[in-house]
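Following: one structure in structure tokens, then a few remarks.
Quick note: residue numbers are just sequence positions, from 1.
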Amino acid sequence: MCGIVGYLGHRDAYPIIIEGLKRLEYRGYDSAGVALFDGTNLNVSKTKGKVTDLENCVENQISKKGNLGIGHTRWATHGVPNDVNSHPHTSNSGDLVIIHNGIIENYDSLKQELISRGYTFKSDTDTEVLINLIEDVKKKENVKLGKAVQIALNQVIGAYAIAVFDRTKPDEIIIARLGSPLAVGIGDGEFFIASDASPFIEYTKNAIYLEDEEMAILREGKDIKIRKIKDDSLVDPYVQQLQLNLEQIEKGGFDHFMLKEIYEQPKAINDTYRGRLLREDAIIKMSGVEDNMKKFLNADRFIIVACGTSWHAGLVAEYIFEDLARIPVEVEYASEFRYRNPIITEKDVVIAISQSGETADTLAAIKLAKSKGAFVFGVCNVVGSSIARETDAGAYTHAGPEIGVASTKAFTTQITLLTLIALRLARAKGTISSSDFRHHLLELEMIPKKVEKALKADAHIKEIASIYKNVTNFLYLGRGYNFPVALEGALKLKEISYIHAEGYPAAEMKHGPIALIDENMPIVVIATKTGHYDKVVSNIQEIKSRKGKIIGIVTEGDVTVRELADHVIEVPETLESLTPLLTTIPLQLLSYYIAVMLGKNVDQPRNLAKSVTVE
């Protein structure tokens with residue numbers, strides 16, 4: 001969950017590294033550090049806090065000179081966030097320097113062995129153990145740095161993306177990965193290293209993504225050399241042309257990335273179905289589905305595995321697949337799925353959902369499912385990510401970069417993509433009529449415009465946020481397709497405002513949560529015209545009789561809920577299965593404005609990271 005940046009070449013490394021760290025700060029932001037080498041002097045500066053804190057430290061502490069450098073933003077695993085535990089870490093001799101994303105699970109036993117050999121440790125991190133293990137191997141085996149890294153990594157258990165250099169050899173960086181992403185930008189006689197491509201996009205469009213259990217030797221002026229960590233075999237580098245551009249990752253005039261990404265949803269949804277939804281021809285065209293249609297149609301059931309917001313999108317998909325395509329669906333937390341000895345057969349289709357494509361738990365679930373013979377289909381946003389490579393087939397959401405830690409457009413684009421798949425399978429199975437199919441395509445095509453309309457409630461939602469910003473608890477209720485939206489709305493509020501919130505099926509309110517309701521409790525109720533409307537109205541009446549404060553998410557023109565609720569936020573009318581794409585919009589804005597009014601760091605909420613690459 002940490003961010004890695006490195007540079008080796010003819011340019012000054014520091015400006016590249018510091019700007020790259022700012023772009024990767026969504027991955028980890030409780031401390032930051034940089035190591036620069038100018039051919040003679042090694043300069044290391046690191047600190048608890050943000051990248052801006054690091055900039056101040058560098059100004060006061062070290063020289064910025066050097067064409068070789070590595071930098072890091074940390075999300076703490078081993079050891080509290082402080083200056084000492086921050087990366088980079090150096091070996092006992094002071095010659096070797098490392099940055100590390102991931103977790104070394106057997107670090108303690110390795111540490112005890114190294115202590116017995118005379119090594120000492122300044123930090124509480126597993127990373128300092130790893131760099132000293134590499135140094136120990138290098139000395140004991142009398143090998144070059146690359147070989148020492150390889151031998152050491154064969155002794156560790158866990159996940160890692162690392163960059164290591166030796167101050168006695170200033171024209172070389174060694175990198176390696178297992179479970180944590182690592183990209184290499186290939187320039188003209190220079191190399192850029194990063195957790196994703198955003199730090200080097202303005203310098204080169206040529207990138208190589210290391211696969212699991214691969215390491216690379218980067219030497220200035222020479223071609224990259226990639227080897228398998230386990231058997232030392234050479235790997236032919238596969239250079240990808242990046243589609244990302246710099247404008248996509250800038251804020252574009254918005255105060256926060258999260259708000260920008262909320263407002264990008266009309267375009268993101270359109271980009272997700274563009275080229276796939278051909279309404280005039282009444283066709284849905286998705287090669288990942290078409291090429292594997294027999295697998296989908298012959299499946300006994302679908303198992304959806306995901307975490308967090310992606311899990312909520314999977315819950316919406318469960319309703320969609322079962323309703324439209326009449327396929328049994330189970331939705332599993334990826335983190336629990338792999339540990340409960342699940343029953344998986346060759347007749348199962350496993351759909352793995354992840355925004356980043358790097359979620360460790362979801363990747364582990366994929367590997368388990370494949371080992372049991374299931375067909376695994378990936379849904380993710382990041383081209384070339386681990387999930388995209390590990391799955392048997394898949395589809396990208398094409399949402400564009402999502403920098404805000406709290407997912408917004410990931411949720412709506414995942415639902416859009418899963419709806420396309422469900423509709424295509426329903427058509428193939430004959431579980432939807434031709435006229436209904438066409439009607440669904442028409443309504444889905446209209447969703448971006450309807451999201452734009454829902455966004456126009458921005459000022460009204462801001463007013464509601466100002467009223468409830470100081471409460472300590474929220475309750476979110478929904479039924480059917482909108483029950484997962486209630487869960488997602490509560491998650492958003494928790495993530496960025498730190499206000500406790502719970503999402504519940506509206507009918508379950510009477511089985512416990514109703515005890516919490518009083519005049520101080522705001523309850524957000526999703527009460528659109530389609531789907532159990534009368535039942536939801538009854539739930540609202542029960543809340544009102546207990547003096548709860550009701551915020552109703554309603555269909556345009558609603559009268560009944562307006563008379564009962566303290567506040568209403570309208571969304572355009574659409575098909576019941578598509579309502580989550582609209583009802584989630586005001587909940588995102590409500591969370592955003594409450595968090596902003598409380599002075600919280602919206603894009604980088606405490607203790608969270610965007611890409612969860614450790615268990």
Side-chain angles (χ1 to χ4, degrees), residues 255-256 258-259 262 308-309 312 404-408 411 454 457-479 482-528 536-537 539-554 561-571 583-608:
D255 290 338
H256 299 92
M258 182 179 179
L259 187 60
I262 289 171
T309 289
H312 296 155
V405 168
S407 279
T408 51
F411 182 64
D458 184 297
H460 176 50
I461 295 167
K462 193 172 183 178
E463 289 176 9
I464 297 171
S466 68
I467 296 169
Y468 296 104
K469 67 180 187 295
N470 292 317
V471 303
T472 54
N473 294 283
F474 258 84
L475 189 61
Y476 288 71
L477 302 176
R479 293 185 84 126
N482 282 298
F483 158 53
V485 177
L487 295 176
E488 175 63 11
L491 177 62
K492 284 292 144 298
L493 190 68
K494 282 182 279 195
E495 284 180 316
I496 63 172
S497 74
Y498 319 144
I499 293 171
H500 176 254
E502 294 294 336
Y504 261 87
E508 284 294 300
M509 180 185 67
K510 293 187 289 293
H511 299 279
I514 198 167
L516 299 171
I517 296 173
D518 60 20
E519 66 275 8
N520 299 312
M521 170 73 86
I523 300 98
V524 178
V525 186
I526 305 166
T528 51
V536 176
V537 170
N539 295 138
I540 291 173
Q541 289 170 329
E542 291 163 354
I543 296 165
K544 190 173 179 65
S545 68
R546 287 157 180 83
K547 299 182 180 179
K549 301 298 183 183
I550 301 162
I551 303 169
I553 311 300
V554 302
V561 174
R562 184 177 290 277
E563 290 179 353
L564 295 169
D566 296 271
H567 317 274
V568 295
I569 304 168
E570 292 189 339
V571 296
T583 54
T584 194
I585 303 300
L587 305 189
Q588 293 171 353
L589 288 170
L590 181 65
S591 299
Y592 171 79
Y593 281 119
I594 287 175
V596 168
M597 289 171 187
L598 292 174
K600 306 304 181 186
N601 189 333
V602 174
D603 287 333
Q604 298 167 359
R606 68 187 182 199
N607 303 334
L608 298 177

For the residue pair [X] and [Y], what are the closest heavy atoms and their distance?
X	Y	result
Lys600	Ile496	CB-O, 3.3 Å
Ser497	Ile594	CB-CG2, 4.0 Å
Leu564	Val537	CD1-CG1, 4.0 Å
Gly552	Val561	CA-CG1, 4.5 Å
Tyr476	Ala501	CE1-CB, 4.0 Å
Ile540	Ala527	CD1-CB, 4.1 Å

Any side-chain heavy-atom pair from [X] and [Y] closer than 4.5 angstrom?
X	Y	result
Tyr468	Val524	no
Leu598	Ile499	yes
Ser466	Tyr593	no
Val596	Leu259	no
Ile569	Ile464	yes

Applying side-chain contact (heavy atoms from CB on, under 4.5 Å), run through Glu495 and Val405 and close with a yes or a no. CA-CA 9 Å; Glu495 284 180 316; Val405 168; 5.6 Å; no
Option from Asn482, Ile262, Val485 for which side-chain contact (heavy atoms from CB on, under 4.5 Å) with Thr584 holds: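 The residue from Asn482, Ile262, Val485 that satisfies side-chain contact (heavy atoms from CB on, under 4.5 Å) with Thr584 turns out to be Val485.
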When rounded to the nearest 0.5 angstrom, what distance separates [atom1] in [X] from [atom2] in [Y]?
X	Y	atom1	atom2	result
Lys544	Ile517	NZ	CD1	13.0 Å
Met597	Ile467	CE	CD1	9.5 Å
Leu491	Glu502	CG	CD	10.5 Å
Ile553	Thr583	CD1	OG1	8.0 Å
Leu589	Met258	CG	CE	8.0 Å
Asn520	Lys549	CG	NZ	8.0 Å

Take atom NZ of Lys462 as the centre, draw a 6.0 Å sphere, and report whether it contains more than 12 heavy atoms from other residues, nucleotides or ligands. no
Should the pair Arg562-Glu570 be classified as a salt bridge under the 4.0 Å nitrogen-to-oxygen rule? yes
Any residue meeting side chain to side chain contact (heavy atoms under 4.5 Å, CB included) with Leu516, in chain and number order, not counting sequence neighbours: Met521
Those residues at least two apart in sequence (or on a different chain) that pass side-chain hydrogen bond (donor to acceptor under 3.5 Å, both in side chains) with His460 are none
Say whether, by atom type as modelled, one donor and one acceptor occur between the side chain of Asp566 and the main chain of Ile551 under 3.5 angstrom.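 Pair absent, no side-chain N/O of Asp566 close to backbone of Ile551.
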Is there a donor-acceptor contact under 3.5 Å linking the side chains of Thr309 and Lys492?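 Yes, Lys492 and Thr309 have a side-chain donor paired with an acceptor closer than 3.5 Å.
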Identify, with sequence neighbours excluded, every residue that meets ring pair (Phe, Tyr, Trp, His ring centres under 6.0 Å) alongside Tyr592. His256
